[in-house]
Protein chains: 2
Amino acid sequence: MRLVIAQCTVDYAGRLTAHLPLAERLLILKQDGSVLVHSDGGSYKPLNWMSPPCRMEESEPTPTQADAGIERIWTVRHTKTDDTLEVSIYRILHDSEHDLGVDPGLEKDGVEAHLQKLLAEHIEVLGPGYSLVRREYMTAIGPVDILARDAQNASVAVEIKRRGEIDGVEQLTRYLELMNRDPLLAPVRGVFAAQEIKPQARTLAEDRGIECLVVDYDALRGMDDPSTRLF
Amino acid sequence: MRLVIAQCTVDYAGRLTAHLPLAERLLILKQDGSVLVHSDGGSYKPLNWMSPPCRMEESEPTPTQADAGIERIWTVRHTKTDDTLEVSIYRILHDSEHDLGVDPGLEKDGVEAHLQKLLAEHIEVLGPGYSLVRREYMTAIGPVDILARDAQNASVAVEIKRRGEIDGVEQLTRYLELMNRDPLLAPVRGVFAAQEIKPQARTLAEDRGIECLVVDYDALRGMDDPSTRLF
DNA sequence: GCTTACATCTCGAAT
DNA sequence: ATTCGAGGTGTAAGC
């Protein structure tokens, strides 16, 4: 990894064209050829970048460019598409090389899959007398997160999101429409479950007769079998 | 901006929990308090990070941590949520500070807004005899990208995407449903326009009687008034 | 300030 | 390889 702090302009041409005016920025050149252009603010997204697979070529400026104060040109070309990133360097303020080795990678926990598993294990939070039919119930247009039956033995399709937004309601609506054509299942009610449900999504869901359920991840986790807990 | 190359482990706790095992990584500390943890590969997304607004505190390790080889601890806390990023530093290989100043920001061209403008200016690509009613035609649930009339003076609602996917078809469907209740507009046909239309989106659109139109950004740009062109 | 929709989205899993 | 859904999405525009 090479770290360069430089006064530069940047031009990108590919899926769109973009330009960065002259300023001091951090340029990161990774082992795989990728380049990141960062400013001293914003979030984790670089101002501009080139994703691998790509290759960087360093070249001397033309006389015209040199007259404009450009010291050198970096041309980064994507290997498969013809995306190009051109960095015109006016002044280098820092330049260092570091050998980091391969990273062992990130270990995650707590995303939608876990929420689905927890809700399936504690299907009673949907209401008294509910029973689980199965998780990832397959339909022609994709798997429904959870299929259950209520106390009256009627089918209930549950769509689970971390954040409940409008597209989740649309998804559940498509499933319900399809499942309600199946005489073995119909009538199927819908439950839209999420840790947080946006007002627009709630309105759309209730307008379509879909029940909204806000689930508490920590509370569900607390209902785990005591034998699996630490204390 | 502070750049640190260090042997470290990282733990994040917030909307999910995540852990990075011991390895050498680049740590970027920006002026606004945000922290980025990068490996020497992958794309522009850091392995782990903390977005602003947040604050970093450097502290000494506990005796137990010191025995494990930890030199110091960085605790980064989000100001609004209780998200926490903890970096345990075992060895610092590089540490430098740089004053970059505020970045003037990125100038873009070629995104959806531009595509919409171009299509509105060349509404004839929809078919002979088409005329533009207006861009961003407002409805109760949001603006339709383009409202036009065909050769028979019937209303046509156009939804434009750079990449046409299923949620774009859903969006247009909601607009059409609403607009077709308006006797001044009905009947309204739908056109789903994009530089690229995914097969699933095309299937869904055509199933709902929505016409799919693949638009060529460069060709539209080439149809510009000759006076604005270079040659 | 909050909500909505776009993004050079990125990333991973399933097909 | 392609497609599809999720994201600690980020980000800018609209209200």
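First the proteins, then the strands, lettered A, B, ... as listed; each starts at 1.
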Visitor: Return no unless some side-chain N or O of A:Lys161 is found under 4.0 Å from OP1 or OP2 of D:dA6.
Guide: yes
Visitor: Answer with base, sugar-phosphate or nothing: what part of the nucleic acid does B:Ser51 contact at a heavy-atom distance below 4.0 Å?
Guide: base
Visitor: With the threshold set at 4.0 Å, does a side-chain nitrogen-carboxylate oxygen contact exist between A:Arg2 and A:Glu58?
Guide: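 Looking at A:Glu58 together with A:Arg2, the answer is yes, because their closest N to O distance falls below 4.0 Å.
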Visitor: Rounded to whole Å, how long is the line connecting atom OH of A:Tyr44 with atom C1' of C:dA7?
Guide: 11 Å
Visitor: Report the distance from atom CG of A:Leu16 to atom C1' of C:dA7, rounded to the nearest whole Å.
Guide: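 Whole-Å distance recorded here is 9 Å.
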Visitor: For A:Glu136 and D:dA6, what is the distance between atoms CD and P respectively, to the nearest whole Å?
Guide: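 Checked: the CD to P distance equals 10 Å.
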Visitor: Rounding to an integer number of Å, can you tell me how far A:Leu47 CG sits from C:dA7 P?
Guide: 18 Å
Visitor: Hydrogens and angles aside, do B:Arg208 and B:Thr173 bring a side-chain donor and acceptor to less than 3.5 Å of each other?
Guide: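 Looking only at side-chain atoms, B:Thr173 and B:Arg208 do form a donor-acceptor pair, the distance falling under 3.5 Å.
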Visitor: Would you classify A:Met50 as touching base, sugar-phosphate or nothing, given that sugar-phosphate means primed atoms plus P, OP1 and OP2, and contacts are heavy atoms under 4.0 Å?
Guide: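 Here A:Met50 touches no strand at all.
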Visitor: Rounded off to whole Å, could you give me the CG-to-C1' distance for the B:Leu115 and C:dA5 pair?
Guide: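 Computing the B:Leu115:CG to C:dA5:C1' distance gives 15 Å.
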Visitor: Separation of A:Asp32 atom CG from C:dC11 atom P, in whole Å?
Guide: 11 Å
Visitor: Heavy-atom nearest nucleotide on DNA chain D for B:Lys198 versus A:Ser43: which residue maps closer to 5'?
Guide: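 The answer here is B:Lys198.
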Visitor: By nearest nucleotide on DNA chain C, pick out whichever of A:Gly14 and B:Arg174 is the more 5' one.
Guide: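 Comparing both residues, the 5'-ward one is B:Arg174.
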Visitor: For the atom pair CG (B:Asp99) and CD (B:Gln31), what is the distance rounded to the nearest 0.5 Å?
Guide: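 Answer rounded to 0.5 Å: 6.5 Å.
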Visitor: Counting side-chain heavy atoms from CB outward, which of D:dT11, D:dC15, C:dT10 is closest to A:Lys45?
Guide: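 Of all the options, the side chain of A:Lys45 is nearest to D:dT11.
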Visitor: Would you call B:Lys117-B:Glu121 a salt bridge at under 4.0 Å N-O?
Guide: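 Salt bridge present between B:Lys117 and B:Glu121.
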Visitor: How many whole angstroms separate atom NZ of B:Lys108 from atom C1' of C:dC6?
Guide: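 Atom NZ in B:Lys108 sits about 9 Å away from atom C1' in C:dC6.
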Visitor: Decide if atom CZ of B:Arg77 counts as having more than 12 heavy atoms of other residues, nucleotides or ligands within a radius under 6.0 Å.
Guide: no
Visitor: Could you state the CD-C1' distance from B:Gln116 to C:dA7, rounded to the nearest angstrom?
Guide: 16 Å
